Amino acid sequence: MSTILVVATLKIQDGKVDEAIAELTPVVEATHQEEGCLSYVLHQDVNDPNTLVFVERWASQDALNAHAQQPHMLKLVELAGTMLAEPPQITFCESLEIGSSEKGSFDN
């Protein structure tokens, strides 16, 4: 069974990106402690600093479902109400494993 990859794009309101990153830092740290979290990385778009992108990798759908129920995830709900310029875009992916086995999959 392949891992679950999640890409979540957050458009932050002008002037609030530093505050958003500060609020998200403990969410990232807590998520790293969750069972089934293989990676959970927050990125900032180099062309639009108000765009933050989470790239997450989970061992299973069950692990991802458990993640959504964690108390620290309430911080994202709060963030959505106070700092997001638009609703988040969340994409759930499974690898197609095309190309070399070393570089064509996150499951290695």
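All figures in this text were calculated on a predicted structure; none of them were measured in a lab.
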With sequence neighbours left out, write down each residue that passes side chain to side chain contact (heavy atoms under 4.5 Å, CB included) with D45, or none if nothing qualifies.
N47, D48, T51
side-chain contact (heavy atoms from CB on, under 4.5 Å) with F54: of V6, L10, V7, only one passes, and it is L10
Please list all pairs meeting salt bridge (Lys or Arg N to Asp or Glu O under 4.0 Å) that have one or both residues in residues 16-40, counting only residues at least two apart or in different chains.
E23-K75
Under the side-chain contact (heavy atoms from CB on, under 4.5 Å) rule, what do V53 and L42 come out as? Steps first, then yes or no, please.
CA-CA 6 Å; V53 179; L42 182 61; over 6 Å; no
To the nearest 0.5 Å, what is the distance between CZ on F92 and CG on L64?
6.0 Å
A side-chain contact here means heavy atoms from C-beta on lying under 4.5 Å apart; do H43 and V55 qualify?
yes
Taken in chain and number order and not counting sequence neighbours, the residues that satisfy side chain to side chain contact (heavy atoms under 4.5 Å, CB included) with A30 are H72
Interatomic spacing from CG in D62 to CD1 in I4 - rounded to 0.5 Å
9.5 Å
About how many Å separate CG of L38 and CZ of R57, when rounded to the nearest 0.5 Å?
4.5 Å
Quiz question: by atom type and distance under 3.5 Å, do the side chains of Q69 and N65 form a donor-acceptor pair?
no
L52: which of L24, T9, L84 passes side-chain contact (heavy atoms from CB on, under 4.5 Å):
L24
Report yes or no: do V41 and I21 belong to one cluster of Ile/Leu/Val/Met/Phe/Trp/Tyr joined by side chain heavy-atom distances under 4.5 Å?
no
Classify the angle between the aromatic ring planes of H32 and Y40 as parallel (below 30°), tilted (30 to 60°) or perpendicular (above 60°).
perpendicular
Nearest atoms (heavy-atom pairs only) where A63 meets G36
CB-CA, 3.8 Å
Would you say that V17 contacts Q44 through its side chain, given a criterion of any heavy-atom pair below 4.5 Å between the two side chains?
yes
Hey, what do you get for CE (M83) to CG (L76), rounding to the nearest 0.5 Å?
11.0 Å
Distance col, row N50:CG vs K11:NZ, nearest 0.5 angstrom, shows 7.5 Å
Rounded to the nearest 0.5 Å, how far does CE of M73 lie from OG1 of T31?
5.5 Å
